[in-house]
Undergrad: 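Provided herewith is a single structure, encoded as structure tokens, for subsequent inquiry.
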There are 2 protein chains.
Amino acid sequence: MGDEHTTPMKSVVTALDILETLQEQGTAGVSEIADASGRPKSTVHRHLDTFLECGYVVKEDTEYCIALKSLRLASSALSRQLVYPVTKSVVQELAAETGESAAIAVEENGRAVYLCYDRANQAVRTDARLGIQLCLHCTGAGKAIFAHMSEAERDAVIEQHGLPKKTDRTITDRDELEDELAEIRETGLSFDDEERVDGMRGIATPIQNRETGELLGALTVAGPTRRINGERFRTELPDLLRRASKMVEVNITYS
Amino acid sequence: MGDEHTTPMKSVVTALDILETLQEQGTAGVSEIADASGRPKSTVHRHLDTFLECGYVVKEDTEYCIALKSLRLASSALSRQLVYPVTKSVVQELAAETGESAAIAVEENGRAVYLCYDRANQAVRTDARLGIQLCLHCTGAGKAIFAHMSEAERDAVIEQHGLPKKTDRTITDRDELEDELAEIRETGLSFDDEERVDGMRGIATPIQNRETGELLGALTVAGPTRRINGERFRTELPDLLRRASKMVEVNITYS
DNA sequence: AACTGTGTTCCACGCTGCGGAATAGTCGTC
DNA sequence: GACGACTATTCCGCAGCGTGGAACACAGTT
């Protein structure tokens with residue numbers, strides 16, 4: 001691992017940095033982005049203008065925002081994900097049935113990326129966002145994915161990202177984590193008991209290619225501890241998820 | 001219109017160009033992209049490496065492809081679109097009910113961009129892709145959007161993109177187009193009768209903000225002429241779409 | 001072993017992006 | 001209406017950086 005990169009292109013890096021700042025702000029003017037990104041206005045302006053011309057940014061009056069052209073990139077990235085088309089509808093059903101938030105996550109660069117996300121009306125508005133990248137050690141889906149990586153891969157991930165403490169319950173010890181991952185491999189079930197956000201719990205199951213055993217992603221349901229507890233946390237939702245992921249796995253092999 | 005831009009940044013433009021070539025190829029190696037984009041391998045390699053480091057591209061062995069991080073951009077762009085959350089489920093229902101392809105489109109830079117797309121199993125695999133940009137004058141959704149623009153805006157669009165002939169039935173005459181747009185405004189219905197692709201028909205309805213009258217997008221169903229004809233083309237599907245878009249409009253005002 | 005295809009590294013030249021400062025608008029406010 | 005405070009733009013000279021040809025390192029084929 002640990003590939004050495006040639007020095008990246010500064011102008012492109014700043015360009016992307018500016019684009020990301022804009023993305024975080026949602027919609028912003030030149031000065032706003034200049035402040036947030038710590039760069040001179042002239043530079044920001046020039047970059048935004050370039051993006052504008054390339055169609056990656058749109059301008060309304062003097063405010064900029066990310067253009068819909070970015071959907072093309074996303075769509076290209078999604079098309080490589082086998083789980084996506086099959087699981088999309090399952091995620092919706094899960095959200096509807098449970099009344100909570102459901103999602104599907106896959107691994108990228110040692111983190112869990114959420115491909116698709118649905119929440120029932122009454123479900124809490126979490127920080128979940130398409131494409132959001134979360135640590136593998138502190139989410140249900142993350143741990144499910146983690147559990148199915150080789151030891152070398154796990155080493156690399158921990159080397160790169162560490163095991164940052166998000167809440168009091170976050171697992172920050174490697175041995176403790178390994179124990180839990182072993183259990184996840186055995187049971188096919190992964191729990192997040194307020195390990196990333198206080199007051200939030202989650203349950204996840206891996207999705208594998210039935211033939212090769214290759215891990216394709218993880219299915220997850222999450223919600224507030226106040227609603228997710230007792231039998232519901234330990235039995236009901238896990239069973240539901242297990243059925244859902246089995247169904248997905250079958251659909252994947254025959255598609 | 002016709003804003004003058006300052007000279008765009010060359011390195012960023014080439015960077016984006018390379019990214020787009022990669023996006024078109026889906027997955028490709030350095031040489032492949034170098035050939036397709038007509039740039040020296042060293043340049044391409046360097047750019048890809050930069051994107052890799054920024055997380056916008058992933059590398060498997062020696063093949064590159066667009067990373068899921070791009071979902072973040074897309075998600076940011078989508079979040080500005082009021083129609084999206086409300087219409088997503090309606091598009092699915094439409095696809096299921098009709099057995100064809102359904103989609104929602106909005107205007108960006110004088111073209112129709114498809115936000116969301118669903119097709120029934122038996123529906124033909126069209127070239128539809130999230131984020132694809134199509135001309136306004138030759139698609140159902142496009143014309144629906146076109147019809148609700150101001151004359152000045154329409155002028156600007158035609159100035160910029162013209163009225164390129166896609167099939168024998170494409171409307172290429174401004175006056176003829178204006179007549180049709182007037183009819184669309186009256187009836188609230190827009191037809192695409194093999195005007196973009198031979199053998200493909202579509203029907204679309206505008207989606208407006210009930211209070212301000214502002215156009216938010218267009219809902220559309222499309223499929224092969226062999227299946228979409230007679231009453232189904234002229235009455236059944238239009239009625240279905242009209243009901244669907246009314247529902248969407250109501251949901252938007254109360255959300 | 002030679003050839004043809006990859007991907008990757010190197011480096012000197014000169015173009016081009018940088019960012020401070022100047023300009024041009026725009027909106028309030030006294 | 002003139003000022004101030006805030007935007008977005010434009011300008012331009014210096015040097016830092018991206019460029020791309022050429023060299024290198026592999027891997028697979030003939």
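Proteins get letters first, then strands, A, B, ... in listed order; numbering begins at 1 in each.
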Undergrad: Taking only residues two or more places apart in sequence, or in another chain, which ones meet B/R39 in a side chain to side chain donor-acceptor pair (under 3.5 Å)?
TA: B/D17

Undergrad: List, with names and distances, any nitrogen or oxygen atoms from the protein found under 3.5 Å away from nitrogen or oxygen atoms belonging to nucleotides 3-6 of chain D.
TA:
none

Undergrad: Give me each pair satisfying salt bridge (charged side-chain N to carboxylate O under 4.0 Å, His left out) with a member in residues 146-164 of chain B, each pair once, sequence neighbours excluded.
TA: B/R154-B/E178, B/D155-B/R174

Undergrad: So, using salt bridge (charged side-chain N to carboxylate O under 4.0 Å, His left out) as the criterion, who are the partners of A/E108 when residues are at least two apart?
TA: none

Undergrad: Using the side chain to side chain donor-acceptor pair (under 3.5 Å) rule, collect all pairs that involve residues 74-89 of chain A, keeping only residues at least two apart or in two chains.
TA: A/S75-B/R129

Undergrad: Who are the side chain to side chain donor-acceptor pair (under 3.5 Å) partners of B/T27, not counting sequence neighbours?
TA: B/E63

Undergrad: Report all interatomic pairs (protein N or O, nucleotide N or O of nucleotides 23-27 of chain D) with separations under 3.5 Å.
TA:
none

Undergrad: Is a side-chain N or O of B/K69 found less than 3.5 angstrom from the main chain of B/C54, in a donor-acceptor match?
TA: yes

Undergrad: Taking all non-hydrogen atoms of both residues, which atom of A/I145 and which atom of A/A105 are closest, and how far apart?
TA: CD1-O, 3.9 Å

Undergrad: Do you know the tightest heavy-atom contact between B/H161 and B/G110?
TA: CD2-O, 3.5 Å

Undergrad: For a quick test of reading the model: is some side-chain N or O of A/H45 closer than 4.0 Å to OP1 or OP2 of D/dT9?
TA: yes

Undergrad: Under a 4.0 Å heavy-atom cut-off, which of residues 16-32 of chain A touch DNA chain D?
TA: A/G29, A/V30, A/S31

Undergrad: Can you list, pair by pair, the side-chain donor-acceptor contacts under 3.5 Å of residues 132-141 of chain B, counting residues two or more places apart and other chains?
TA:
| unit_1 | atom_1 | unit_2 | atom_2 | d |
| --- | --- | --- | --- | --- |
| B/H137 | NE2 | B/P164 | O | 2.7 |
| B/T139 | OG1 | B/G142 | N | 2.9 |

Undergrad: Five pairs per end, C1' atoms only: what is the angle between the end axes of the helix from C/dA1-D/dT30 to C/dC30-D/dG1, to 10 degrees?
TA: 30°

Undergrad: Treating primed atoms plus P, OP1 and OP2 as sugar-phosphate and everything else as base, which nucleotides of nucleotides 14-22 of chain D get B, S or - for protein heavy atoms under 4.0 Å?
TA: ---SSBBB-

Undergrad: For residues 136-148 of chain B, pull every pair meeting salt bridge (charged side-chain N to carboxylate O under 4.0 Å, His left out), keeping only residues two or more places apart or in separate chains.
TA: B/K143-B/E180, B/K143-B/E195

